Amino acid sequence: MFTGLSAFPLTPTNESGIDELAFVRLISRLAAAGVDSIGALGSTGGYAYLSREQRAWAARAAVEAAGITPVIVGIGALRTRQVLELAADAQLAGAAGVLLAPMTYQPLNDDEVFGLYEAVTAELALPLVVYDNPGTTHVAFSDELHGRIAALPNVASIKIPGLSATAAPARIAALRAVMPAQVTIGVSGDWLAIGGLLGGADAWYSVFGGLFPETAVAITRAAQAGNGTAAVAASDRLEPLWALFRRYGSLRVMSATAETLGLVASPNLPLPLLGLDPAARTELNATLRELGLGG
């Protein structure tokens, strides 16, 4: 489950709580499309804005709706104690793995980041994905830190920021040199994902795949089969959408896209987050029509 396409859906949320029917519908679509795993409660899933009770419900609902498709559940929180509680909830829910980013308000040094993963893996019975997301967490992983963490028990994969096609082979080779052979490397940053896959990454941890799983699966399978020309062409075709991701943020773009597709109601982001403004929505809808993705 730590190779191929891992699709990360929204958790539609308003000030009354999670839209449970919409969430289950999103998960079911991914399982039916044949994704390799589902990443529930990732950054796109708004985990940081939800209570422990809401997150426990979402983990249970995702596992049930996913059927035989493995579900990886986000367990990030500010305090180690909270992360341990969320890890226990994910295990009770039947998750196949967990995803952990080092959330922080005060800056963390390497020993503090390592201590978080050491404490969690010591009590964890599930495989863990290390979420390296400096743009959000402001925690910068050195290669030495990645190597220390990857050697801990139950660490199965790392999720790193997107890499250009030219940078990916050397970057991935450098990481492999400091990590155990069984730990996979997955890339995010959807507009750069194809460069990572063709440059040696094992997995694509995808926001786009959370709403358009068939298209994302096709791109992933082409890359896995060594058909780089087809994979690059399919990704490059989506550049108008990738441009909107870069301009407005993938979460807001996917939120508005899910509304356009009739999969979620509006609003579906927790305050203070706001959706796209009318001009951006018009631009998005035109892009979706141009790409044949709805709108």
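What you see is a predicted model, and the numbers here were worked out from it, not measured in a lab. The first residue in the sequence is number 1, and the count goes up from there. Worth knowing before you read on, the calculation uses all heavy atoms, side chains too, and leaves out hydrogens, waters and symmetry mates.
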For residues [X] and [Y], report the shortest heavy-atom separation together with the two atoms involved.
X	Y	result
Ala40	Ala62	CB-CB, 3.9 Å
Pro127	Met1	CG-CE, 3.7 Å
Gly196	Ala168	CA-CB, 4.0 Å
Ala223	Ile194	CB-CD1, 4.0 Å
Ser6	Gly39	OG-N, 4.0 Å
Thr121	Pro153	CB-O, 3.2 Å

With a 4.5 Å limit on heavy-atom distance, are the side chains of [X] and [Y] in contact?
X	Y	answer
Pro9	Leu30	yes
Val253	Arg247	no
Leu192	Leu163	no
Leu86	Val73	no
Leu100	Tyr131	no
Thr184	Ile158	no
Asn268	Ser255	yes
Thr11	Thr44	no

Quick check against the 3.5 Å criterion: does [X] have a side-chain atom that pairs as donor or acceptor with the backbone of [Y]?
X	Y	result
Glu239	Asp236	no
Glu15	Leu271	yes
Ser188	Ile160	yes
Asp143	His146	no
Gln82	Arg79	yes
Arg252	Leu276	no
Gln182	Ala156	no
Thr220	Ala216	yes

* **CA sep, side-chain torsions, deciding dist, call: Gln224, Arg221, side-chain hydrogen bond (donor to acceptor under 3.5 Å, both in side chains)** => CA-CA 5 Å; Gln224 289 176 315; Arg221 299 291 180 258; 3.0 Å; yes
* To do: Quick one: do Asp190 and Ser250 satisfy side chain to side chain contact (heavy atoms under 4.5 Å, CB included)? Show the steps, please.
  => CA-CA 9 Å; Asp190 283 349; Ser250 59; 5.9 Å; no
Is there a path of hydrophobic side-chain contacts, each under 4.5 Å between heavy atoms, that joins [X] and [Y]?
X	Y	result
Leu261	Leu293	yes
Met103	Phe141	no
Tyr248	Leu238	yes
Trp57	Leu99	no
Ile172	Leu198	no

* To do: Let me know which of Arg60, Arg55, Arg52 forms a side chain to side chain donor-acceptor pair (under 3.5 Å) with Asp89.
  =>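 In the set Arg60, Arg55, Arg52, the residue that makes a side chain to side chain donor-acceptor pair (under 3.5 Å) with Asp89 is Arg52.
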How many angstroms lie between [atom1] in [X] and [atom2] in [Y], if you round to the nearest 0.5 Å?
X	Y	atom1	atom2	value
Arg237	Leu241	CZ	CG	10.5 Å
Tyr117	Thr80	OH	OG1	11.0 Å
Leu244	Leu284	CG	CG	6.0 Å
Asn227	Thr229	CG	OG1	6.0 Å
Glu283	Leu288	CD	CG	11.0 Å
Ile219	Leu197	CD1	CG	9.5 Å

* **Atom OH of Tyr49 with >12 non-hydrogen neighbours under 6.0 angstrom** =>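 No, not enclosed.
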* Determine whether more than 12 heavy atoms belonging to other residues, nucleotides or ligands lie under 6.0 Å from atom CD of Glu112. =>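 Enclosed.
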* Test Thr260 against Asn285 for side-chain hydrogen bond (donor to acceptor under 3.5 Å, both in side chains), laying out the working first. => CA-CA 8 Å; Thr260 295; Asn285 289 342; 2.9 Å; yes
* Cationic N near anionic O, under 4.0 Å, Asp19 to Arg25 ->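 Salt bridge flag = no for Arg25 with Asp19.
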* Between Glu118 and Arg148, is there a side-chain N and carboxylate O pair less than 4.0 Å apart? ->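 Looking at Glu118 and Arg148, the cut-off is not met.
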Checking [Y] against [X]: is there a side-chain donor and acceptor pair closer than 3.5 Å?
X	Y	result
Asn133	Thr136	yes
Thr3	Asp202	no
Ser164	Thr166	yes

* **Aromatic ring pairing Trp204/Phe208, orientation class (parallel under 30°, perpendicular over 60°, tilted between)** =>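 Parallel, since the angle between the ring planes stays under 30°.
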* If the plane angle is over 60° it's perpendicular, under 30° parallel, otherwise tilted; pick one for Phe8 and Tyr205. =>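 Rings of Phe8 and Tyr205: perpendicular, as their planes differ by over 60°.
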* What's the verdict on side chain to side chain contact (heavy atoms under 4.5 Å, CB included) for Ile185 and Met179, showing C-alpha distance, side-chain angles and the deciding distance? -> CA-CA 10 Å; Ile185 298 174; Met179 299 193 315; 3.6 Å; yes
* Six-ring centre of Phe2, Lys159 cation under 6.0 angstrom, axis tolerance 45° ->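 Cation-pi check for Lys159 and Phe2: fails.
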* To do: Might you work through the side chain to side chain contact (heavy atoms under 4.5 Å, CB included) test for Ser142 and Asp110, ending with a clear yes or no?
  => CA-CA 8 Å; Ser142 66; Asp110 282 7; 3.7 Å; yes
* **Audit row: Thr215, Val217, side chain to side chain contact (heavy atoms under 4.5 Å, CB included) steps and yes/no** => CA-CA 5 Å; Thr215 303; Val217 165; over 6 Å; no
